[in-house]
*Asks:* 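Please read through the structure below; I'll follow up with questions.
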Amino acid sequence: MRRFSWFNATSLTLGFAFLYLPMVILIIYSFNASKLVTVWAGFSTKWYGELLQNEAFLDAAWVTIKVAVLSSTIAMALGTMAAIVMVRAGRFFGRTLFSGMVYAPLVMPEVITGLSLLLLFIGIGLDRGVLTIVLAHTTFSMCYVSVVVSSRLVSFDNSLEEAALDLGCSPFQAFHLVTLPIIAPAVISGWLLAFTLSLDDLVIASFTSGPSATTLPMKIWSSVRLGVSPEINALSTIMIGIVTIGVISASLISKSKVARQQREERAAERLSAG
């Protein structure tokens, strides 16, 4: 165990300050009464009320959430199937090409991905809107789901599924009743990662969106180009609050599951000892 030193404390303080001090300043100035974001004129929550009346931001937020939910759900299903094929299908013709196509969006620049998808949608005559954004986000987020699920399937004990097959389950039933519940944390993690990537995307959405569909990052970017407004500070504060609540809730749920598992193990040990 490393000893406490002023160097370690200073490094830790500077690191956290570099990461979180801008967020703290943003949160403070979201309660600024002045319209000038750099001039403090007293405490006020009026910009939160203004934000709730801004239909452009609300519409963009709804489009973003809708796209994120749809694309992450589709990416979860396709990414899980791709992971199963890569881990369990063994050697087959075209495996290298298949793996390369699945993992390509991980290393492909977003500008290239967005431009290629734009040319594809124009070539097939598909009008740009919510559908094209969903397809684009599914394309680049599916690979992240496949990576997460593949790492879990590699360490999966296949004897559990084989036991279910021996007891009369069909392959689908064995996967549904045995395999899926065990790899569910990885599948859910992949969905959350795809959801987060979709919420955060700006470049690909800029290429694949149309006049009828504007995501929240695009709306924020277009507004910031004209100058940062207090409403954007208020919106960013709300997003930080939602993310913080989600992280804390996930941590508490994880700790409660671990504690319950430990209690069950101790109870099982007492029963076996008795």
Side-chain angles (χ1 to χ4, degrees), residues 67-110 112-114 116-117 120 131-201 203-204 208 246-247 249-251 253-258 260-262 264-265:
V67 168
V69 171
L70 291 175
S71 63
S72 58
T73 302
I74 300 173
M76 177 186 67
L78 296 179
T80 301
M81 289 189 290
I84 293 173
V85 171
M86 289 188 293
V87 174
R88 295 189 170 183
R91 304 295 300 179
F92 59 90
F93 179 76
R95 175 184 172 83
T96 303
L97 178 62
F98 177 78
S99 301
M101 293 178 65
V102 170
Y103 293 135
L106 287 171
V107 296
M108 190 72 66
E110 291 186 344
I112 303 301
T113 303
S116 60
L117 289 172
L120 172 64
L131 177 60
T132 54
I133 303 176
V134 170
L135 294 177
H137 284 189
T138 302
T139 300
F140 81 87
S141 61
M142 182 186 71
C143 59
Y144 293 91
V145 178
S146 64
V147 170
V148 175
V149 178
S150 295
S151 62
R152 181 64 185 90
L153 285 173
V154 168
S155 60
F156 180 79
D157 187 2
N158 293 327
S159 61
L160 298 175
E161 190 171 335
E162 293 173 358
L165 294 173
D166 292 339
L167 292 174
C169 289
S170 64
F172 176 78
Q173 290 175 332
F175 176 80
H176 177 69
L177 298 175
V178 178
T179 306
L180 187 58
I182 295 176
I183 67 171
V187 175
I188 295 173
S189 298
W191 186 92
L192 292 174
L193 180 58
F195 183 83
T196 303
L197 292 171
S198 179
L199 287 180
D200 186 58
D201 176 68
V203 177
I204 295 178
T208 58
V247 171
S249 300
S251 178
I253 293 173
S254 177
K255 289 183 178 179
S256 65
K257 288 183 178 179
V258 172
R260 184 173 65 251
Q261 183 178 1
Q262 291 176 350
E264 292 176 352
E265 291 177 353

*Asks:* Taking the side chain as every heavy atom from C-beta outward, state whether R152 and I182 have any atom pair closer than 4.5 Å.
*Replies:* yes

*Asks:* How long is the span from the CD atom in Q173 to the CD atom in E161, to the nearest 0.5 Å?
*Replies:*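 The CD atom of Q173 sits 12.0 Å away from the CD atom of E161.
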
*Asks:* For A164 versus V178, what's the shortest heavy-atom pair and its separation?
*Replies:* CB-CG2, 3.7 Å

*Asks:* Do you know which two heavy atoms are closest between L199 and A68, and how far apart they sit?
*Replies:*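 Closest approach of L199 to A68, heavy atoms only: CD2-CB, 3.9 Å.
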
*Asks:* Start with the C-alpha distance between V145 and L193, add both sets of side-chain angles, then the distance that settles side chain to side chain contact (heavy atoms under 4.5 Å, CB included), and finish with yes or no.
*Replies:* CA-CA 7 Å; V145 178; L193 180 58; over 6 Å; no

*Asks:* Would you give the length of the straight line joining atom OG1 of T179 to atom CZ of R88, rounded to the nearest 0.5 angstrom?
*Replies:* 5.0 Å

*Asks:* Find out whether D201 and E110 are in side-chain contact, i.e. whether some heavy atom of one side chain is under 4.5 Å from a heavy atom of the other.
*Replies:*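 Side chain of D201 against side chain of E110, heavy atoms only: contact under 4.5 Å found.
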
*Asks:* Side chain to side chain contact (heavy atoms under 4.5 Å, CB included) between I74 and M142: does it pass, once the steps are laid out?
*Replies:* CA-CA 8 Å; I74 300 173; M142 182 186 71; over 6 Å; no

*Asks:* To check you understand the geometry: which heavy-atom pair defines the closest contact between V148 and A186, and what is its length?
*Replies:*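 Distance-wise, the nearest heavy atoms are CG1-O, 3.4 Å.
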
*Asks:* So L117 and F140, do their side chains get closer than 4.5 Å, heavy atoms only?
*Replies:*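 The answer is no; the side chains never approach within 4.5 Å.
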
*Asks:* Check whether S150 reaches the backbone of V147 with its side chain - one donor and one acceptor, N or O, closer than 3.5 Å.
*Replies:* no

*Asks:* Rounded to the nearest 0.5 Å, what separation is found between the CG atom of L135 and the CD1 atom of I204?
*Replies:*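 Taking CG in L135 and CD1 in I204, the distance rounds to 12.5 Å.
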
*Asks:* Say whether, by atom type as modelled, one donor and one acceptor occur between the side chain of S99 and the main chain of T96 under 3.5 angstrom.
*Replies:*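 No; zero donor-acceptor contacts below 3.5 Å.
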
*Asks:* To the closest 0.5 Å, what do you measure between OH (Y103) and CZ (F98)?
*Replies:*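 Interatomic distance, Y103 OH to F98 CZ, rounded to 0.5 Å: 9.0 Å.
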
*Asks:* Checking side chain to side chain contact (heavy atoms under 4.5 Å, CB included) for the pair H137/T208: CA distance, chi angles, key distance, verdict?
*Replies:* CA-CA 10 Å; H137 284 189; T208 58; 5.7 Å; no

*Asks:* Of all heavy-atom pairs between S198 and V67, which one has the smallest distance, and what is that distance?
*Replies:*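 Looks like OG-CG1, 3.9 Å.
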
*Asks:* For a 4.5 angstrom cut-off between non-hydrogen side-chain atoms, does C169 reach F175?
*Replies:*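 A side-chain contact is absent here, since even the closest heavy-atom pair is not under 4.5 Å.
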
*Asks:* Please name the pair of heavy atoms, one in A75 and one in T138, separated by the smallest distance, quoted to 0.1 Å.
*Replies:*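 Closest pair (atom of A75, atom of T138, distance): N-CG2, 3.9 Å.
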
*Asks:* Nearest 0.5 Å, what's the CG-CD1 distance between L70 and I133?
*Replies:* 11.0 Å

*Asks:* Which word best sums up how the rings of H176 and F172 line up, parallel for under 30°, tilted for 30 to 60°, or perpendicular for over 60°?
*Replies:* parallel

*Asks:* Looking only at heavy atoms, what is the nearest atom pair of A174 and L165, with distance?
*Replies:* CB-CD2, 3.8 Å

*Asks:* Angle between ring planes, W191 versus F195, binned at 30° and 60°: parallel, tilted or perpendicular?
*Replies:*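 Because their plane-to-plane angle is under 30°, the rings of W191 and F195 count as parallel.
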
